[in-house]
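The structure displayed is predicted, hence computed values, not measured ones. Sequence positions, counted from 1, serve as the residue numbers for this chain.
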Amino acid sequence: MTYQELSQVRKTLRVDWYRSPTPPGLLRDLSRRSDAQAWFLAGGHLALIVITGSIVFYSWWQEVWLAFLAALFCHGTVTAFVRGNSTHELGHGTVFKTKWLNKAFLYLFSLIGWWDPFDYASSHTYHHRYTLHPEGDREVLLPVEPSLASTFMLQLFTVNLLTQPGRIFGKGGLISTVILTVMAAFGRDPEAEKAPANEWLRALHHDQPQEHRNAILWSRVLLLFHGSVLLIAIATGLWVLPLIFSVAAFTANWLQYFVNLPQHCGLRDDTPDFRKSTRSIKLNPLFSFLYWHMGWHIEHHMYAGVPCYNLAKLHRAVASDMPEPRTLIGAWKEMREVWRRQKIDPDYQFDSNLPPTATRAREDAQDDPLESSIGELAPAGLQESP
C-alpha cells in the first residue's frame with residue numbers, strides 16, 4: 001500500500017452509512033460532553049491504577065508474596081485498559097468538555113500503556129470512515145481468530161510477551177512493543193512484507209508524515225520515561241517499579257482481550273450497515289467501566305461523536321432498530337462457531353439478525369454533521385472540509 005493509494009481512497013471511496021434514526025434533538029443532547037462524568041470515568045480509572053499499584057508496592061515491601069501476586073494480577077487487569085481503550089475514547093476527544101484535560105489524560109494513559117496516540121489517530125480515522133472496507137480500513141482485517149490456545153491464555157493470565165490476535169494496531173505483546181518503539185524512535189519503519197500491521201503502518205506514515213514525525217518524538221518520550229523507571233529501579237534496588245509502571249499494561253490482559261475481541265470478530269466486511277459489521281455486548285457495571293463503555297460498539301460506530309458515557313442512553317433510544325446485544329459468553333460462542341465454519345468455508349461471514357421493527361434504509365436522512373462526527377479524532381491532514 002502506498003501514499004498514492006490511500007490518498008486515492010479518500011477521493012473515490014464513499015460509504016453511504018446507515019444510521020438508526022433518533023428522536024429530534026436527542027443526538028445533540030447526547031453529544032454534549034461533561035467534565036463531571038469524564039472525571040468519574042478517567043479519574044476513577046486512574047485512581048484504580050494508583051490504588052492497585054500502591055498495594056503491589058506495599059505487599060512487595062512487606063514480602064507478603066501471595067498478596068503481591070494477587071495485587072499484581074489486579075493491577076495488570078485494570079492497567080491493561082489504558083492500552084487502546086481509555087486512549088481510544090480520549091483520542092476521539094469526546095470525554096472531557098475541557099479540551100486540555102482530554103489531552104492531558106490521553107498523554108498520561110498513553111505513557112503508561114506504551115501507546116502511540118499519533119499514528120493511532122490516523123489509523124482510527126480511516127477505521128471509522130471506512131469501517132471494515134479493506135481498501136480504506138486495515139486496522140481490522142477479517143477473518144479474526146477468537147483464539148483460546150493454551151499458550152496464549154497462559155500469557156493473558158500472566159505477562160503477554162508476544163503478539164495478541166485481534167485488531168492490528170497496537171496489539172503486540174511487551175517484547176514486540178518495546179522493539180517497535182525503539183525502531184520508531186530512530187525513524188525506522190518495520191518491513192512491510194512481514195505482516196499486514198507493518199504494511200498498514202508504513203502506508204499511514206506515507207499518508208500522514210506530520211503524524212509520523214509526532215510519533216517519532218513520542219516514541220522517544222516513551223523510551224525516556226520507561227528507561228528512567230528501569231534506571232531508578234536498578235539504582236535503588238526497587239525492582240518492583242518496572243512491574244508497576246512499565247510492565248503492568250501487558251500483565252493480566254485476560255479481561256481486556258475477552259471484551260475487546262467481539263467488536264468485529266466473525267462479522268461482515270464491505271457492508272454499509274454497522275449492525276452487520278459490529279457487535280454490541282452487555283457487560284456488568286465494573287467491566288463496562290473498565291472497558292470505557294465500548295460494549296455498546298454498534299452505537300459507537302454509528303454515532304462516534306457521542307461520549308462513551310452516553311452510549312447506553314443512545315442504545316435505549318434506538319434499540320428497536322438494533323440487533324439484540326449479546327452477552328459476553330454468547331458473543332464468544334458465536335465467534336467460535338463462525339470461526340469453525342470459516343475454516344471449512346473461508347468465504348463464510350455471519351449475518352447478524354435484525355428485529356422485525358428494524359429498517360434497512362433511511363428516508364429521512366439529513367446532512368447532519370453530528371451524525372457523521374467522529375469527535376476530534378482526525379489529525380490535521382485527515383480533517384474533512386466543512
Side-chain angles (χ1 to χ4, degrees), residues 41-42 44-50 52-53 56 72-92 95 102-124 127 139-140 144 152 155-182 184 197 200-201 215 218-219 221-223 225-226 229 242-264 283 287-295 297 300 308 377:
L41 182 58
H45 196 169
L46 180 61
L48 285 176
I49 292 172
V50 171
T52 54
V56 169
L72 190 62
F73 183 85
C74 293
H75 182 56
T77 299
V78 170
T79 307
F81 284 92
V82 304
R83 188 169 168 77
N85 295 119
S86 65
T87 48
H88 164 262
E89 291 305 298
L90 293 160
H92 274 279
V95 182
N102 209 88
K103 287 292 186 183
F105 272 93
L106 171 61
Y107 294 142
L108 174 61
F109 285 142
S110 295
L111 197 63
I112 296 170
W114 292 80
W115 189 256
D116 171 7
F118 299 102
D119 282 338
Y120 183 67
S122 301
S123 175
H124 206 57
H127 176 61
E139 188 172 284
V140 178
V144 174
F152 180 57
Q155 291 183 82
L156 291 189
F157 282 90
T158 54
V159 180
N160 183 11
L161 295 175
L162 304 174
T163 57
Q164 180 171 322
R167 175 172 290 171
I168 281 178
F169 189 94
K171 288 296 181 180
L174 175 61
I175 293 173
S176 60
T177 297
V178 173
I179 291 172
L180 289 174
T181 302
V182 172
W200 178 236
L201 191 60
W218 181 252
S219 297
V221 171
L222 288 176
L223 293 178
F225 173 75
H226 292 288
V229 170
L243 296 180
I244 295 173
F245 290 101
S246 300
V247 183
F250 303 94
T251 303
N253 287 173
W254 64 281
L255 181 58
Q256 191 208 33
Y257 173 68
F258 286 134
V259 299
N260 264 285
L261 200 65
Q263 290 178 359
H264 304 286
L283 296 171
F287 286 7
S288 184
F289 176 85
L290 291 174
Y291 190 28
W292 286 57
H293 308 295
M294 276 297 104
H297 211 65
H300 169 64
C308 59
L377 172 66

List the atom of [X], the atom of [Y], and the distance in Å for their closest heavy-atom pair.
X    : Y    : answer
H45  : V78  : NE2-O, 3.0 Å
L41  : C308 : CD2-SG, 3.5 Å
Y291 : V259 : OH-O, 3.1 Å
F73  : F157 : CE1-O, 3.7 Å
L222 : W115 : CD1-O, 4.1 Å
D116 : Y120 : O-CB, 3.2 Å

With a 4.5 Å cut-off on side-chain heavy atoms, are L243 and T251 touching?
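Result no, sub-4.5 Å side-chain heavy-atom pair not found.
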
Closer than 3.5 angstrom, by distance alone: can the side chain of [X] be matched with the main-chain N or O of [Y] as a donor-acceptor pair?
X    : Y    : answer
E89  : W292 : no
S219 : A215 : yes
N102 : L90  : yes
Q256 : R83  : yes
S110 : L106 : yes

Residues forming a side chain to side chain donor-acceptor pair (under 3.5 Å) with [X], sequence neighbours excluded:
X    : value
W254 : T77
T181 : none
S288 : H293

Taking the six-membered ring for Trp, are H88 and H127 closer than 6.0 Å centroid to centroid?
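No.
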
Parallel, tilted or perpendicular: which describes the rings of H92 and H124, with under 30° parallel and over 60° perpendicular?
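Perpendicular: the ring planes of H92 and H124 meet at over 60°.
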
Fit a plane to each ring of H226 and W114, take the angle between them on a 0 to 90° scale, and name the class: parallel (under 30°), tilted (30 to 60°) or perpendicular (over 60°).
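Ring orientation, 0 to 90° scale: parallel.
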
Nearest 0.5 Å, what's the CD1-SG distance between I49 and C74?
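Atom-to-atom, I49:CD1 and C74:SG are 13.5 Å apart.
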
